[in-house]
Visitor: 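Structure provided below as structure tokens; questions to follow.
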Amino acid sequence: VGQARPAWGDPHYHNACEIHYFFEGNISFFIHNQSYNVKKGDILFIDAYEIHNTVYKKFEYEKILIICKPSFAKLIPKLEVPDVFSVLNKRHGGRRLVHVPLHLQDKVESILLDMLEAYKGQSQYKLICLNAYMTLFHAILADYLESTSIEDDQGSLLDERIKSVIAYIHDNLDKQLSLDELSGHFNINKNYLCRIFKESTGLTIIDYANR
């Protein structure tokens, strides 16, 4: 269970994947180039090195957070875990939010709570159990995502202009970008562009490009 102030978190990234499952809360989350409203039954998938941060609309939330470093996946080389990130990228436009339907929520929550119990335990088979739960979790989600379409209200809430600016930054990282160039290219007032970019991402344009 976590508590936070209703303000932007610090934009950051990791050399590991993150999976957030929310039991309660009402949060806005920015990931890479998209923004989502997150509520009960939602899962956020954040890949390694994807910039992300949060805005908390309620003071309290309850979630399970899984952080999985690449080294963990190599502990049992023969295990092939379904790649949910690949499914999201290929079938769902790179979205990072999945709303678990009611008929799957109990099953998903049970797996996550069993995983948490195994993580806290001292069993000699702890890593095997964690891998087994992780495989089952990914298999259920991958199977669901392969057979369904994510509804529009689960898509990005980010202003299309900001998405275009972010895409432009990614496509031109080898160049010396300036605010004047960006505002001219998109025909947006420089001060206004800076304000809506910071409101949407928690970063200034220059800070985002540097990161």
Side-chain angles (χ1 to χ4, degrees), residues 1-2 9 12-25 27 29-54 61-156:
V1 178
H12 59 284
Y13 54 85
H14 315 277
N15 65 339
C17 300
E18 289 188 2
I19 301 171
H20 303 244
Y21 180 86
F22 286 83
F23 293 93
E24 297 292 343
I27 297 171
F29 220 101
F30 172 76
I31 306 172
H32 179 53
N33 65 350
Q34 301 188 64
S35 183
Y36 307 95
N37 277 336
V38 184
K39 51 190 181 297
K40 175 179 170 55
D42 285 349
I43 304 178
L44 288 171
F45 290 88
I46 305 173
D47 209 350
Y49 301 106
E50 287 186 331
I51 292 178
H52 55 280
N53 60 327
T54 53
Y61 64 92
E62 182 178 1
K63 72 177 180 181
I64 283 183
L65 168 61
I66 301 170
I67 300 175
C68 186
K69 294 185 177 180
S71 56
F72 178 78
K74 296 177 181 178
L75 291 175
I76 304 181
K78 294 183 179 179
L79 183 65
E80 294 185 6
V81 178
D83 187 356
V84 172
F85 287 101
S86 178
V87 178
L88 287 170
N89 289 337
K90 291 179 180 179
R91 288 185 52 85
H92 301 285
R95 290 184 175 91
R96 289 293 181 255
L97 176 115
V98 176
H99 182 71
V100 180
L102 286 174
H103 71 278
L104 286 180
Q105 283 185 18
D106 286 345
K107 182 181 295 186
V108 168
E109 290 177 8
S110 177
I111 293 170
L112 291 173
L113 292 173
D114 285 343
M115 192 187 305
L116 180 61
E117 184 176 352
Y119 176 77
K120 292 179 177 179
Q122 300 299 322
S123 169
Q124 60 179 319
Y125 303 114
K126 177 177 179 176
L127 292 177
I128 295 175
C129 290
L130 288 173
N131 273 279
Y133 287 131
M134 182 71 81
T135 302
L136 183 58
F137 172 80
H138 277 266
I140 289 173
L141 267 296
D143 187 57
Y144 166 68
L145 290 170
E146 288 279 11
S147 61
T148 190
S149 296
I150 295 180
E151 299 176 4
D152 290 341
D153 64 355
Q154 293 188 40
S156 174

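One-based numbering along the sequence shown.
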Visitor: May I ask you to decide if the ring planes of Phe23 and Tyr21 are parallel, tilted or perpendicular, using 30° and 60° as cut-offs?
Guide: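 Aromatic pair Phe23/Tyr21 classed perpendicular.
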Visitor: With rounding to the nearest 0.5 Å, note down the distance linking CD1 in Ile19 to CG in Leu141.
Guide: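 So the gap between those two atoms works out to 8.0 Å.
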Visitor: Do any N or O atoms from the side chain of Gln34 and from the backbone of Gly94 form a donor-acceptor pair under 3.5 angstrom?
Guide: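 Yes; at least one donor-acceptor contact below 3.5 Å.
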Visitor: Can you tell me how far CD1 of Ile46 sits from CD1 of Ile66, rounded to the nearest 0.5 angstrom?
Guide: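 Going from CD1 on Ile66 over to CD1 on Ile46, the span is 12.0 Å.
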Visitor: Is the NZ or CZ atom of Lys39 both under 6.0 Å from the centre of the six-membered ring of Phe22 and within 45° of that ring's axis?
Guide: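 No.
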Visitor: Decide yes or no for Lys107 and Ile111: does some side-chain heavy atom of the first lie under 4.5 Å from some side-chain heavy atom of the second?
Guide: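 SC-SC contact between Lys107 and Ile111 confirmed.
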Visitor: With distance as the sole test, does His52 use its side chain to make a donor-acceptor pair with the main-chain N or O of Glu50 at under 3.5 Å?
Guide: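 Pair found, side chain donor or acceptor close to backbone of Glu50.
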Visitor: How many angstroms lie between atom CD1 of Ile27 and atom OG1 of Thr54, to the nearest 0.5 angstrom?
Guide: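 Spacing of CD1 (Ile27) from OG1 (Thr54) equals 6.5 Å.
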Visitor: Do the side chain of Lys126 and the main chain of Ala118 share a donor and acceptor less than 3.5 angstrom apart?
Guide: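 It does not hold such a pair.
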Visitor: Given 3.5 Å as the limit, does a donor-acceptor pair link the side chain of His92 with the main chain of Leu145, or not?
Guide: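 Yes, His92 side chain to Leu145 backbone: donor-acceptor pair under 3.5 Å.
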Visitor: Do Leu44 and Lys63 come within less than 4.5 Å of each other through their side chains, counting heavy atoms only?
Guide: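 Side chain of Leu44 against side chain of Lys63, heavy atoms only: no contact under 4.5 Å found.
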Visitor: Can you measure from CZ (Arg96) to CD1 (Ile43) and round to the nearest 0.5 angstrom?
Guide: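 Spacing of CZ (Arg96) from CD1 (Ile43) equals 13.5 Å.
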Visitor: I'd like to check Leu113 versus Ile64 (side-chain heavy atoms, cut-off strictly below 4.5 Å). Are they in contact?
Guide: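 The answer is yes; the side chains approach within 4.5 Å.
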Visitor: Return the CZ to NE2 distance between Phe45 and His138, rounded to the nearest 0.5 Å.
Guide: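 Atom-to-atom, Phe45:CZ and His138:NE2 are 6.0 Å apart.
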Visitor: Decide yes or no for Tyr144 and Val98: does some side-chain heavy atom of the first lie under 4.5 Å from some side-chain heavy atom of the second?
Guide: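 Yes, their side chains come closer than 4.5 Å.
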Visitor: Partners of Asp143 by side chain to side chain donor-acceptor pair (under 3.5 Å), sequence neighbours excluded?
Guide: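 Result, side chain to side chain donor-acceptor pair (under 3.5 Å) vs Asp143: none returned.
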Visitor: I'd like to know if the side chain of Glu24 and the backbone of Glu62 have a donor-acceptor N/O pair within less than 3.5 Å.
Guide: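 Absent.
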Visitor: Checking side-chain contact (heavy atoms from CB on, under 4.5 Å) against Ile67, which of His20, Glu18, His14 comes through?
Guide: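 Among His20, Glu18, His14, the one meeting side-chain contact (heavy atoms from CB on, under 4.5 Å) with Ile67 is Glu18.
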Visitor: Judged by atom type as modelled, is there a donor-acceptor pair below 3.5 Å linking the side chain of Ser110 to the main-chain atoms of Asp106?
Guide: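 No, the answer is negative, given that no donor and acceptor are paired below the 3.5 Å cut-off.
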Visitor: Looking at OG1 of Thr135 and CD1 of Ile140, how far apart are the two atoms once the value is rounded to the nearest 0.5 Å?
Guide: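 If we round to the nearest 0.5 Å, Thr135:OG1 and Ile140:CD1 are 11.0 Å apart.
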Visitor: Can you name the side-chain contact (heavy atoms from CB on, under 4.5 Å) partners of Glu146, sequence neighbours left out?
Guide: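 Partners of Glu146 under the side-chain contact (heavy atoms from CB on, under 4.5 Å) test: Val87, Arg91.
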Visitor: Would you say Tyr133's side chain and Asp114's backbone share a donor-acceptor pair under 3.5 angstrom?
Guide: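 No: the side chain of Tyr133 does not pair with the backbone of Asp114.
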Visitor: If the condition is side-chain contact (heavy atoms from CB on, under 4.5 Å), which residues does Tyr49 pass it with, not counting sequence neighbours?
Guide: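 Testing Tyr49 for side-chain contact (heavy atoms from CB on, under 4.5 Å), a comparison that skips the adjacent residues, returns Tyr13, Asn15.
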